[in-house]
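Every chain is numbered from 1 and lettered A, B, ... according to where its sequence line falls, protein lines coming before strand lines. A quick note: this is a predicted structure, and the numbers were derived from the prediction, not measured.
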Protein chains: 2
Amino acid sequence: MLDDKLELESFLPYRLYHIADLVSREFAKIYKDRLGLTRPEWRVLAGLGQHGAMTAKAIGEQSAMHKTKVSRAVAELERRRWLTRTPDETDRRVEHLTLSKAGQTVYAEMVPLARAFERRLSRAMGAARFAEFEYGLERLETFMLEGGLSDE
Amino acid sequence: MLDDKLELESFLPYRLYHIADLVSREFAKIYKDRLGLTRPEWRVLAGLGQHGAMTAKAIGEQSAMHKTKVSRAVAELERRRWLTRTPDETDRRVEHLTLSKAGQTVYAEMVPLARAFERRLSRAMGAARFAEFEYGLERLETFMLEGGLSDE
DNA sequence: TTTCAATGGTTACATCTGTAACCAATTCAG
DNA sequence: CTGAATTGGTTACAGATGTAACCATTGAAA
């Protein structure tokens with residue numbers, strides 16, 4: 001290929017972002033339709049369902065969301081009574097968030113949707129290639145979080 | 001793993017999106033710092049540099065951007081005199097966009113930055129794994145654009 | 001022709017996101 | 001202790017994005 005041109009379609013950062021976006025939107029369509037969740041709300045629910053009780057800060061860390069995003073998603077889920085806040089006994093800045101019964105029900109619906117979606121992807125790629133791909137992501141993530149930052 | 005819980009950190013759509021975001025932001029930092037470009041502007045420039053002259057519509061198709069995003073990025077690049085518009089001879093709705101001299105200079109600066117960044121990723125993953133990973137993306141993309149849509 | 005649907009592109013509006021400022025509570029240093 | 005710096009969390013504001021409405025032009029049908 002010519003050295004003074006760049007083929008956008010095969011440039012990895014572009015490709016990666018584009019495809020991630022396709023996948024994410026496609027999946028979001030599913031849970032938005034059936035459960036009325038936005039992506040941040042889905043993630044909060046996923047965190048609480050998985051861990052039982054978390055602070056807003058912990059949710060942000062686990063799911064890579066900005067604290068304002070978490071704050072807003074939590075407020076909305078609380079409004080729908082899918083979670084409740086419990087003040088921490090010893091540190092009154094902190095609130096522990098837990099899913100309500102209703103929230104647990106929604107979580108129980110969202111898990112199989114997620115599994116099914118992932119299974120579709122895995123099948124489309126082939127299980128072996130899927131695993132290999134996940135490992136590639138692993139490497140990429142490690143690199144980005146560690147060394148990637150400094151110029152070469 | 002328990003069947004009624006989902007491990008967010010290893011859920012592919014989440015992982016994929018998160019890592020794509022990391023990569024994209026990291027790369028954006030570079031060209032924003034050095035060239036003062038937003039992501040949509042970078043993509044428009046990439047399209048024009050690669051193809052010479054395009055309509056706004058074609059740019060949107062090549063780089064997977066909504067037409068309003070393209071419209072705004074083009075307006076900004078025009079304001080900086082990095083591209084010019086030429087009305088189509090036969091269809092007066094259409095404008096052909098081309099890089100100005102200044103625009104070509106910026107393009108010439110952005111290409112090596114892109115290559116260098118991609119090379120860093122490739123090196124971090126190992127060339128073989130990188131290629132395998134690209135192929136995985138390929139499969140994923142095909143699936144999303146074709147069959148992925150219908151419920152299983 | 002004349003009319004009506006479709007197309008390239010821009011703009012108005014609502015929504016979402018991040019930055020920064022903020023509040024209350026807590027911790028740490030002197 | 002007391003005051004400054006830190007932390008969990010919310011909110012105000014500004015910027016980016018998508019949806020929908022729009023304008024001008026073209027194509028197709030009657």
> Spell out protein contact along nucleotides 11-18 of chain D as letters: B when the base is contacted, S when just the sugar-phosphate is, - when no protein heavy atom is under 4.0 Å; keep the 5' to 3' order.
BBB---BB
> Which whole-number value in Å describes the distance from E89(B) CD to dG8(C) C1'?
17 Å
> Can a side chain N or O of R92(B) be found less than 4.0 Å away from OP1 or OP2 on dT7(C)?
no
> Between atom CG in D88(B) and atom C1' in dT25(D), what is the gap in whole Å?
12 Å
> Roughly how far, to the nearest 0.5 Å, is the CD atom of E78(A) from the OG1 atom of T84(A)?
8.5 Å
> Counting N and O atoms only, with roles assigned by atom type, does the side chain of Q50(B) sit under 3.5 Å from a partner on the main chain of L8(A), one being a donor and the other an acceptor?
yes
> With no hydrogens and no angle check, just 3.5 Å: does a side-chain donor-acceptor pair link E9(B) and Q62(A)?
yes
> Rounded to whole Å, how long is the line connecting atom CZ of R93(A) with atom P of dA5(D)?
17 Å
> Could you tell me the separation between the CD atom of E61(B) and the P atom of dT7(C), rounded to a whole number of Å?
12 Å
> Please round to the nearest 0.5 Å and tell me the distance separating atom OG1 of T86(B) and atom CD of E95(B).
8.5 Å
> Has R85(B) got more than 12 heavy atoms of other residues, nucleotides or ligands less than 6.0 Å from its CZ?
yes
> In this structure, how many angstroms lie between the C1' atom of dT10(D) and the CD1 atom of I59(A), rounded?
15 Å
> Could you state the CD-P distance from E95(A) to dA25(C), rounded to the nearest angstrom?
12 Å
> Which nucleotide in the set dT26(D), dG9(D), dA25(C) lies at the smallest distance from any side-chain heavy atom of D91(B)?
dT26(D)
> Which sits closer to the 5' end of DNA chain C, M65(A) or T90(A), going by the nucleotide each is nearest to?
M65(A)
> Do the ring centers of Y17(B) and W42(A) come within less than 6.0 Å of each other?
no
> Measuring from E76(B):CD to T38(B):OG1, what's the distance to the nearest 0.5 Å?
8.0 Å
> When the side chains of residues 124-134 of chain A are checked against the rest of the protein, which donor-acceptor pairs come out under 3.5 Å, sequence neighbours left out?
| from | atom 1 | to | atom 2 | distance (Å) |
| --- | --- | --- | --- | --- |
| R129(A) | NH1 | E132(B) | OE2 | 2.9 |
| E132(A) | OE2 | R129(B) | NH1 | 2.9 |

> Contacts to DNA chain D from residues 48-58 of chain A, heavy-atom cutoff under 4.0 Å, which residues?
T55(A), A56(A), K57(A)
> Using atom types as modelled and distance alone, determine if a side-chain donor or acceptor of S24(A) lies under 3.5 Å from a backbone N or O of A20(A).
no
> Expressed in angstrom and rounded to an integer, what is the separation of E76(A) atom CD from dT17(C) atom C1'?
16 Å
